[in-house]
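Naming convention: chains lettered A, B, ... in sequence-line order (proteins, then strands); numbering from 1 in each chain.
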Number of protein chains: 2
Amino acid sequence: METLDSVPDEDFLRLDHQICFSLHAATRAFNGVYREALKELGLTYPQYLVMLVLWEHRELPVKGIGERLRLDSGTLSPLLKRLEAAGYVERRRSPQDERSVTVRLTGDGTALREKALGVPRRIAAATGLDVGEIRELRERLDALAVRLDAVDPDALGACG
Amino acid sequence: METLDSVPDEDFLRLDHQICFSLHAATRAFNGVYREALKELGLTYPQYLVMLVLWEHRELPVKGIGERLRLDSGTLSPLLKRLEAAGYVERRRSPQDERSVTVRLTGDGTALREKALGVPRRIAAATGLDVGEIRELRERLDALAVRLDAVDPDALGACG
DNA sequence: CGCGATTAAGTTGTGCACAACTGAATAGTG
DNA sequence: CACTATTCAGTTGTGCACAACTTAATCGCG
């Protein structure tokens with residue numbers, strides 16, 4: 001079997017170039033396709049992710065959205081302000097806990113879901129993959145993300 | 001076989017949530033690990049990609065770097081200025097074609113390669129994948145990117 | 001040769017990601 | 001109950017991605 005140790009550093013630098021770049025490129029290609037498909041909804045791709053979460057839960061605190069999308073308030077606060085300015089969500093401080101801000105769909109935000117229903121099918125068609133392949137790729141990527149998120153930062157500084 | 005057409009719109013919105021988010025999350029997880037590993041080199045991940053290309057070619061026009069990384073001058077110009085400020089590259093207009101700017105490694109930039117040699121191995125180890133799995137994932141992502149880049153923008157507006 | 005079309009790099013403006021920080025509210029401990 | 005620690009949202013600053021545009025150089029056709 002071809003183990004990591006059997007590959008010399010020099011080749012590894014090239015292999016690395018390929019894998020890191022491939023993921024980078026695939027993500028940007030996906031973003032480009034979504035950008036086009038979401039143009040008619042007036043949403044960016046991250047805004048669409050937030051709307052997907054809200055369409056499932058109707059209302060959530062900022063923290064809840066952040067947990068589901070793995071985004072912090074530094075990213076979400078301005079994004080949610082833009083969604084509010086577009087009239088798709090409302091934000092108000094929770095009466096129970098004044099630290100928390102509850103984000104809730106407006107009528108327009110709820111209605112937007114109907115217009116968004118056709119988007120994912122068109123994206124999936126653009127990938128040229130069937131449902132099983134999509135699911136398999138998703139599972140691989142999820143497993144990868146879990147492993148990468150679990151990496152001890154200190155283990156990367158020294159040669160592991 | 002489970003075709004795209006056999007999945008209702010409602011489920012599709014959820015499936016979509018999973019695949020688009022998974023890629024997004026995996027990319028950000030990768031970025032996080034690279035950020036940590038590249039901290040000692042003083043490089044960001046996109047700057048590292050540019051350095052990888054230059055370590056292979058020593059010098060290239062901005063356009064050449066852009067073609068290899070699929071990035072435009074709007075992204076590269078400021079990035080290359082930062083690499084120049086860090087002392088890793090030099091930029092000078094080409095005498096043959098005054099429109100073109102040639103980016104060349106400095107001594108420091110060339111030397112940095114030695115410090116970078118250990119990085120990809122540590123990243124690969126963090127993924128928990130062996131060489132074959134990495135290669136397979138890369139091939140899938142490349143094929144996906146090619147298909148997504150080839151999508152006709154007009155086909156996404158209307159329901160394809 | 002002359003002049004419009006194209007090409008290269010850079011600039012500007014918008015939006016996302018993330019680190020580091022602030023300020024306000026709540027939780028927990030003695 | 002008082003006081004510290006934590007939590008939540010927001011702000012600031014840096015950097016990347018990309019669209020739209022500008023400027024300067026080159027190309028190519030008549």
Side-chain angles (χ1 to χ4, degrees), chain A residues 20-21 23-36 38-39 42-50 60-67 69-86 89 91-103 145 149 153, chain B residues 20-21 23-36 38-39 42-50 60-67 69-86 89 91-103 145 149 153:
Chain A
C20 66
F21 172 65
L23 193 67
H24 211 232
T27 297
R28 285 188 291 116
F30 244 115
N31 283 341
V33 173
Y34 269 103
R35 200 191 325 280
E36 202 56 45
L38 294 173
K39 198 179 281 180
L43 295 176
T44 65
Y45 179 67
Q47 288 166 9
Y48 172 69
L49 291 180
V50 169
L60 280 174
V62 173
K63 179 180 165 56
I65 299 173
E67 282 168 353
L69 299 180
R70 236 131 294 183
L71 292 172
D72 66 9
S73 67
T75 299
L76 286 174
S77 289
L79 188 158
L80 290 169
K81 275 191 190 172
R82 282 186 283 269
L83 284 180
E84 187 174 43
V89 306
R91 298 181 306 147
R92 65 178 216 291
R93 299 220 90 98
S94 163
Q96 292 80 28
D97 184 343
E98 288 282 337
R99 292 171 302 180
S100 178
V101 166
T102 301
V103 182
D149 281 334
Chain B
C20 67
F21 172 65
L23 192 67
H24 211 233
T27 297
R28 286 188 290 117
F30 244 115
N31 283 342
V33 173
Y34 269 103
R35 200 192 325 280
E36 203 56 45
L38 293 173
K39 197 179 282 180
L43 295 176
T44 66
Y45 178 68
Q47 288 166 7
Y48 171 69
L49 291 180
V50 169
L60 279 174
V62 172
K63 180 180 166 57
I65 298 173
E67 283 169 353
L69 299 180
R70 235 133 294 183
L71 292 172
D72 67 9
S73 66
T75 300
L76 286 173
S77 288
L79 188 157
L80 290 168
K81 275 190 191 171
R82 283 186 282 270
L83 284 181
E84 187 175 42
V89 306
R91 298 181 306 148
R92 64 179 217 291
R93 298 222 93 98
S94 162
Q96 292 80 28
D97 186 342
E98 288 282 337
R99 291 172 305 180
S100 176
V101 166
T102 301
V103 182
D149 282 333

Gap between atoms NZ and C1', on A:Lys39 and C:dG15 respectively (whole Å)
15 Å
With sequence neighbours left out, write down each residue that passes salt bridge (charged side-chain N to carboxylate O under 4.0 Å, His left out) with B:Arg93, or none if nothing qualifies.
none
Atom CZ of A:Arg93 and atom C1' of C:dA24 are separated, to the nearest Å, by 8 Å
With sequence neighbours excluded, what pairs up with A:Glu84 under the side-chain hydrogen bond (donor to acceptor under 3.5 Å, both in side chains) test?
A:Arg91
Check the distance between D:dA17's C1' and B:Leu49's CG and give it to me in whole angstrom.
13 Å
Side chain to side chain contact (heavy atoms under 4.5 Å, CB included) involving B:Pro46 - partner list, sequence neighbours excluded:
B:Thr44, B:Leu79
Using a cut-off of under 3.5 Å, enumerate the N/O to N/O pairs linking the protein to nucleotides 18-21 of chain D.
from	atom 1	to	atom 2	distance (Å)
D:dC18	OP2	A:Arg28	NH1	3.2

Separation of D:dT14 atom C1' from B:Leu43 atom CG, nearest Å, is 15 Å
Does A:Arg28 reach the main-chain N or O of B:Arg70 with its side chain, forming a donor-acceptor pair under 3.5 Å?
yes
B:Cys20 backbone acceptor or donor facing A:Tyr45 side chain under 3.5 Å
yes
Residue set satisfying side-chain hydrogen bond (donor to acceptor under 3.5 Å, both in side chains) with A:Arg35, at least two apart, ordered chain then number -> none
D:dT11, OP1 or OP2 - any side-chain N/O from A:Lys81 closer than 4.0 Å?
yes
From NE2 of A:His24 over to P of C:dA17, roughly how many Å is that when rounded to an integer?
12 Å
Taking only N/O atoms, report every protein-nucleotides 25-28 of chain D pair under 3.5 Å with atom names and distance.
from	atom 1	to	atom 2	distance (Å)
D:dT26	OP1	B:Glu98	N	3.1

For A:Ser77, which residues count as a side-chain hydrogen bond (donor to acceptor under 3.5 Å, both in side chains) partner, sequence neighbours excluded?
none
What's B:Pro61 touching, base or sugar-phosphate or nothing? Going by heavy atoms closer than 4.0 Å.
sugar-phosphate
List the residues meeting ring-ring contact (aromatic ring centres under 6.0 Å, His included) with B:Tyr48, not counting sequence neighbours, and say none if there are none.
B:Tyr34
Need one value for A:Ser77: base, sugar-phosphate or nothing, where a base atom within 4.0 Å counts as base even if backbone is also close, heavy atoms only.
base
Would you mind classifying the nucleic acid contact of B:Leu76 as base, sugar-phosphate or nothing, using non-hydrogen atoms under 4.0 angstrom?
nothing
How many whole angstroms separate atom CZ of A:Arg92 from atom P of D:dC8?
18 Å
Rounding to an integer number of Å, can you tell me how far A:Leu38 CG sits from D:dA17 P?
20 Å
Nearest whole Å is fine: how far is D:dC8 C1' from A:Leu80 CG?
13 Å
Listed by chain and number, what are the side-chain hydrogen bond (donor to acceptor under 3.5 Å, both in side chains) partners of B:Asp97, not counting sequence neighbours?
B:Arg99
Answer yes or no: does a side-chain N or O of A:Ser100 lie under 4.0 Å from OP1 or OP2 of D:dA9?
yes
